[in-house]
There are 2 protein chains.
Amino acid sequence: MIELAALGTVVTLGRGTAVYREGDEAPHWYRVLSGTGCTSKLLPDGRRQIAAFLHAGDYFGFEALGEHGFAAEAITDMVVVRYPKLRTEALARTDGTVSRRFREIACRSLLAAYERLITLGRKTAGERVATFLLELARTAPDGKTIGLTMSRTDIGDYLGLTLETVSRTLAAMKHDGLIEMAGPHHVLLLDRPALEEMTEGDEPALRVGRA
Amino acid sequence: MIELAALGTVVTLGRGTAVYREGDEAPHWYRVLSGTGCTSKLLPDGRRQIAAFLHAGDYFGFEALGEHGFAAEAITDMVVVRYPKLRTEALARTDGTVSRRFREIACRSLLAAYERLITLGRKTAGERVATFLLELARTAPDGKTIGLTMSRTDIGDYLGLTLETVSRTLAAMKHDGLIEMAGPHHVLLLDRPALEEMTEGDEPALRVGRA
DNA sequence: CGTGTGGTTGACGAGCCTCAACATCCGTGG
DNA sequence: CCACGGATGTTGAGGCTCGTCAACCACACG
């Protein structure tokens, strides 16, 4: 019996290089081993939206049907495993476990994307940055020491803000004692409950009557 | 051999009723036969984001792993087919075609969600409304006569705008000769190329040098 | 040391939101 | 059949948030 792992090729990517571009044929999908990347799309006038940051363990590129709708690039040096779609498709056809696994990966990505819709559509700058920080903190060993491996521009393009607004919002959080910063790329969450409250917006002032 | 169709139950839903709520257990997934619905999520203070409008042929609810992260409701009277997850899971395990079908549905939804990220994160009000109109026009018989079955509030919650901005933007488009309206719920696209150009933002003014 | 890239901070303005008044549509009941 | 009332949509005035433009700073690298 074929194993999924046997179909993968390890690929090393230097910081800033493209894994694939928007419009490329999509014969492979990928999994991150180490480093940080992102998937993004440009509007003709240069505005950019990052769909997802890619961290160790994340899958990407599998959602493309014909060609890639989004580009993928390495933000830091990055190591990924590349899988050929055709052969993994064939494997999925015979192996129910693999097939189910694929479905679960797609569903998790979809759930994450839906969460991001509310962030981009309805949250304020402060709420977006708080959401982002807590998202990163989920994978931090101690849950509060965060390394920002991406630039302010990248964070802005991820959150639908400008780099200036990201910078200002972080400064305000520092000023308010919510976070501490050791250089531009190291954040320590000081007041997690306050940040969590920020991500959801305050409850409306005591609702009288119905629950 | 079991057929997928044999596992579905037809359910009729009155306008405004919930298919399921955020946090509900998710034993079923659904497909729309007729009518319009939406999936949405609320922030504690009442801000709402609509993740997707649901039209005939659309699948929804399958992405939930444990419980639903988003609510689903009928905007107009609606008929859906409800499928039990456990039994369709079992079917997918044995039938490669069904399994592949599920993966494809999930990937299509994911691609649509990614497209919406750039709409919500980077587009102006005018661009968002234009994107929305063209999205609806894709399923119109003549490609330009659109019935808006949802309210201005729903459109706003879908596009990350207020209902007033939606109304004003449509008025501006009418004024500019891009669309014509016969009542608040019937739109005719008059200048498709102009609308299409709007969805992508104008090209930057002639770039000199590198392509 | 220069030079370049990325980050911070400030001043200002545009775009969209908020609040409010008014219009229109539609179902209901007299 | 028409009058009423509520829900939905439109339009206007003003304000706030965040974007734009610009200057300055910090660090990495040759």
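Per chain, numbering begins at 1; letters A, B, ... match sequence-line order.
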Original post:
Taking the six-membered ring where the residue is Trp, are the ring centres of A:F102 and A:W29 under 6.0 Å apart?
Top reply: yes
**OP:** Would you please indicate if the ring centroids of A:Y59 and A:Y30 are separated by under 6.0 Å?
**Re:** no
Please give, in whole Å, the distance from [N] [atom2] to [X] [atom1]?
X: A:R128; N: D:dC18; atom1: CZ; atom2: C1'; result: 10 Å
X: B:H175; N: D:dT11; atom1: NE2; atom2: C1'; result: 14 Å
X: B:L148; N: D:dT10; atom1: CG; atom2: P; result: 10 Å
X: A:R152; N: C:dT5; atom1: CZ; atom2: P; result: 18 Å
X: B:M173; N: D:dG9; atom1: CE; atom2: C1'; result: 17 Å
X: B:L163; N: D:dT8; atom1: CG; atom2: P; result: 11 Å

Subject >> Given DNA chain C, 5'-ward residue of the pair A:R122 and A:V166, judged by closest heavy atom >> reply: A:V166
For the residue pair [X] and [Y], what are the closest heavy atoms and their distance?
X: A:A113; Y: B:L110; value: CB-CD1, 4.1 Å
X: A:L148; Y: A:P184; value: CD1-O, 3.9 Å
X: B:A194; Y: B:L178; value: CB-CD2, 3.5 Å
X: A:R116; Y: A:Y158; value: NH2-O, 2.9 Å

Original post:
D:dT8 phosphate, OP1 or OP2: any side-chain N/O from B:H185 under 4.0 angstrom?
Top reply: no
Original post:
Does A:T165 place a side-chain N or O at less than 4.0 Å from the phosphate oxygens OP1/OP2 of D:dG19?
Top reply: yes
Subject >> Overall bend - the helix from C:dC1-D:dG30 to C:dG30-D:dC1, comparing terminal axes fitted on five pairs, nearest 10 degrees >> reply: 30°
**OP:** Could you tell me whether a side-chain N or O of B:T17 sits under 3.5 Å from a main-chain N or O of B:L13, the two making a donor and an acceptor?
**Re:** no
**OP:** Answer yes or no for A:R21 and A:F70: cation-pi contact, defined as NZ/CZ to six-membered ring centre under 6.0 Å and angle to ring axis within 45°.
**Re:** no
Original post:
For A:L65, does the CG atom have more than 12 heavy-atom neighbours from other residues, nucleotides or ligands under 6.0 Å away?
Top reply: yes
**OP:** Assess whether atom NE2 of A:H186 is packed by more than 12 heavy atoms of other residues, nucleotides or ligands within 6.0 Å.
**Re:** no
Subject >> Residues within residues 154-162 of chain A bordering DNA chain D, heavy-atom distance below 4.0 Å >> reply: A:G160, A:L161, A:T162
Show me the protein contacts with nucleotides 21-30 of chain D, counting only N or O atoms at under 3.5 Å.
residue, atom, partner, partner atom, Å
D:dC21, N4, A:E164, OE2, 3.0

**OP:** Step by step, work out the side-chain contact (heavy atoms from CB on, under 4.5 Å) result for A:K123 and B:L43.
**Re:** CA-CA 9 Å; A:K123 291 187 186 175; B:L43 290 175; 4.1 Å; yes
